[in-house]
Amino acid sequence: MGVAWTPAWGAVAKGTSMRDSRFLPLTAEEIVAAAAIARAASPNPESLRFAAMYTHEPDKWQLREGAPVSRQARALLVDRSDGSSWDMVVDLDAKSVLQSDKVLVGASPVLMEEFMTIGEKIKEDPRYREALAKRGIQDLSLVQIDPWAISNVPDVDISQGRLCSSVSYVRHFEDDNGYAHPIEGVVAIADLTTGRVLEIFDYGVKPMNEECANYLPEFNQPLRDDIAPLSITQPNGPGFSVNGHEITWQRWRLNAFLTPIEGLVIQGVELRDAGEWRTVMHRASLSEMVVPYGETDPNHLWRCAFDAGEFGLGKLANSLTLGCDCLGEIVYMDAVLASETGEPQTIRNAICIHEEDDGILWKHTDWVTDKVEVRRSRRLVVSSISTVGNYEYGFFWYFYLDGTIQFEAKLTGVMQTKAVEAGAPDEPGTWIGPNLVATIHQHHFSFRLDMEVDGWRNRVYQSDVYAPPVGPGNEHGNAIRVNKTLAQTENSIDGMVSPQSARTWVVVSSDHRNAWGTPTGYKLLPGWANSTLFAQSPSHVAARAGFAKRNVWVTPFDQGQMRAAGDFPNQNRTEMGLPAWVREDRSVVDTDVVLWYNLGVTHIPRVEDWPVMPVERAGFMLVPVNFFDRNPTMDVPPSEPAACHQPGSQGEAENCQH
Ligand code: NI
C-alpha cells in the first residue's frame with residue numbers, strides 16, 4: 001500500500017501524562033514515610049491500622065494544565081481502640097497530611113486482623129455453644145467460622161460499630177473441606193472491635209451432611225498416570241523485558257502492579273507504530289467485584305461480598321509458583337503493599353509474566369498457485385490470583401501481536417453450600433451431596449477502563465448492526481448497515497449488551513484519523529458472560545451494587561471516581577458510585593472518557609463444580625478498529641517448521657511457506 005503513517009495529533013499527544021511515575025504504586029520507603037505521617041496525625045497511633053494504603057494518583061486535569069502536583073499516598077484507616085474509620089491523604093513531598101476525614105464507622109475495609117481473631121471470640125459465647133450442642137457438636141476445635149461483611153444482613157443496626165456476620169462449618173479432621181459440612185441455621189453477629197458477640201440467630205436445626213468431599217490428592221486415589229510431560233521452553237529466554245513495573249514486549253509497553261483494593265492494575269498502555277508511541281489506555285483496573293447470593297432463607301439471603309471494597313483483592317493476592325500457577329519462561333514481579341500495621345510487606349511472585357503460543361495469527365492458501373502463507377500468533381500474559389475466602393479468582397490480561405487486548409477472569413475454588421433435608425422438594429440450588437446443595441449466585445466484575453486512544457480526547461459510539469427496511473435503497477432486502485450512536489452524555493446510550501445487533505462500544509480519538517480518513521479507535525467487545533444484577537429493591541445489594549444493572553457506562557474522567565460502588569462500600573447501605581455519579585448526565589464527547597464494563601457471571605452450580613470448581617472463564621476484548629492503516633502483523637516473520645514425533649509426518653513440510 002505504501003501509505004506512510006504520519007502522526008497528526010502531535011500537539012494533543014504532548015498533553016498526555018500516562019508515563020508519569022506519580023501513577024505508580026508506593027515504594028517500600030514511601031510506605032514507611034506515609035505510615036509515619038499518618039501515625040503522627042492520629043490520636044491513637046498504637047491502635048491505628050491500615051486497611052489499605054496506596055498511591056493517591058494525580059488528577060490528570062491538573063497535570064495537563066501543568067499545575068504542580070505532589071507525590072501523595074491515601075490511607076483507609078481503622079482505629080482498633082474504637083473502630084472508627086478515617087480516610088487520609090498524605091503529601092509525601094511536604095511530609096504532611098493533606099486531608100483527613102472521619103468516615104462512617106466500619107467504612108474502611110475489613111482488617112484481616114479482625115477476621116482472623118473473631119472466630120475464637122464467637123466460639124467462647126455460651127449462646128453459640130448451645131446452638132451447636134443442639135446440633136450434636138460439643139467439640140469446637142474443628143469448627144470453622146467464616147466471617148462475612150455485615151451490610152446485607154437485614155434488621156441489624158450497622159451504625160453501632162465495626163460488625164461482622166458469620167456462618168459455621170465443621171471439619172471431620174484438620175484438612176477436611178468444611179464446606180461439605182455446613183452448620184445450618186446458626187448466624188453469629190459480632191463486633192470486630194470489642195470481640196463481643198451481639199446476637200446468635202438460630203433458624204432451626206437441619207441435618208448435617210456427613211459425606212466428605214475433599215480435593216487433596218490423598219482422597220482422590222488413584223491419580224491418573226497417563227498425562228504426557230509437557231514443557232514449554234524458550235531457549236533464548238523470554239521475548240519481553242521487565243524494568244521495575246514496566247513491561248516491554250513486541251510493539252507494546254505497559255506498567256503492571258497491584259493495589260491493595262483493586263489487585264492487578266495495568267497502566268500506561270502504548271503501542272509503537274512507525275517509530276512513534278501511540279497511547280491506548282491510561283489505566284485498567286477491576287474497580288469493584290460483587291458476589292450476591294440468591295437464596296431466600298434467613299441463613300443465606302444476606303450473603304454477598306464486595307471482594308474489592310470490603311476486603312481488597314490485592315491484599316489477598318497469592319504468591320505464585322513456577323510450574324504450578326504458571327508454566328513456561330516466567331518472569332515474576334513482586335508486589336509491595338502496606339501491612340495492616342503500616343509496614344512494607346512484599347508479596348513474592350505476585351504477578352506472573354510470560355509469553356504463550358496462540359495458534360495461528362493468519363493464513364492463506366493461494367488456490368491458483370497452491371502456495372501457503374501462515375504466521376503464528378502469540379500473546380503476552382500478565383496475571384495474578386487472589387483467594388477470597390472460599391473462592392479463587394485469576395485475573396489474566398493478554399496482549400496480542402495484532403494490537404488486541406483481552407481480559408480473562410478464571411473463577412475457581414469451593415462453592416458456598418447449604419445443608420438441607422434429603423430430597424427436599426423445590427430446592428433452587430444444585431444437589432451435590434446427600435444433605436447438601438450449592439447455592440445460586442452471581443459474580444459481577446466492574447472494570448474501569450480509562451481509555452486514551454491516540455491522545456486523551458476521545459468519544460464513544462455504541463455500534464449496532466441492523467437491516468434497513470425493504471424499500472428504496474434496499475429493494476432486495478439484503479442490506480446490512482451499522483448504526484453508530486454517539487454517547488453525548490452519560491445517560492445517552494443504554495449500555496446493555498445486544499448480541500442480536502452485534503453491539504460493541506467503540507472509543508475513538510477526537511483528533512486522529514488513519515490513512516483513509518477514519519478516526520482511530522478501539523472497540524470493547526463484550527464476552528459471553530454479561531448478566532446484569534438480578535437482586536432488586538428492597539434488597540440492600542440492589543442499592544449498593546447499582547453499577548451491575550448496566551453492562552457499560554461511560555463517564556468523563558474524574559479523579560474522585562475510581563471505584564464503581566464508591567470508595568467505601570463496606571458497612572454502607574447507601575447508593576454510591578456509578579448510578580449516583582451519572583445523575584449529573586455529564587458530557588462525554590471529545591474529552592477524557594472512562595469506559596466501565598460490568599462482566600456478570602451467573603453461577604448456577606453444577607455438580608462438576610464440586611468439591612472444587614474447574615476454572616470457569618469469562619472476559620472481554622479491546623480490539624483495534626481502524627487504529628492502524630492495515631493488518632499490523634504483516635512484518636511477523638514465518639516460523640521455522642518443527643519436527644514431529646509421529647512417524648511419517650516429519651519433513652512433510654520443509655518450510656511454513658510452501
Ligand atoms: Ni461462583
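We're numbering straight along the sequence, starting at 1. Both ligands and their constituent atoms are indexed starting at 1 by order of listing.
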Everything protein-side that's N, O or S and under 2.8 Å from the Ni ion (ligand 1): list it, residue and atom.
Tyr391 OH, His441 NE2, His443 NE2, His603 ND1

Using 4.0 Å as the upper bound for N to carboxylate O, is an ion pair formed by Lys418 and Glu427?
yes

Quick one, Val615 and Met613 - any side-chain contact, counting heavy atoms below 4.5 Å?
no

Within a strict 4.5 Å, meaning less than it, do heavy atoms of the Pro611 and Val414 side chains meet?
no

Side chain proximity check, Tyr179 to Met415, heavy atoms < 4.5 angstrom:
no

Checking ring-ring contact (aromatic ring centres under 6.0 Å, His included) between Phe447 and each of Tyr597, Phe395, Phe407, Trp596, which is the one that passes?
Phe407

Which one of His441, Glu295, His603, Arg303 satisfies the side chain to side chain donor-acceptor pair (under 3.5 Å) criterion with Gln416?
Arg303

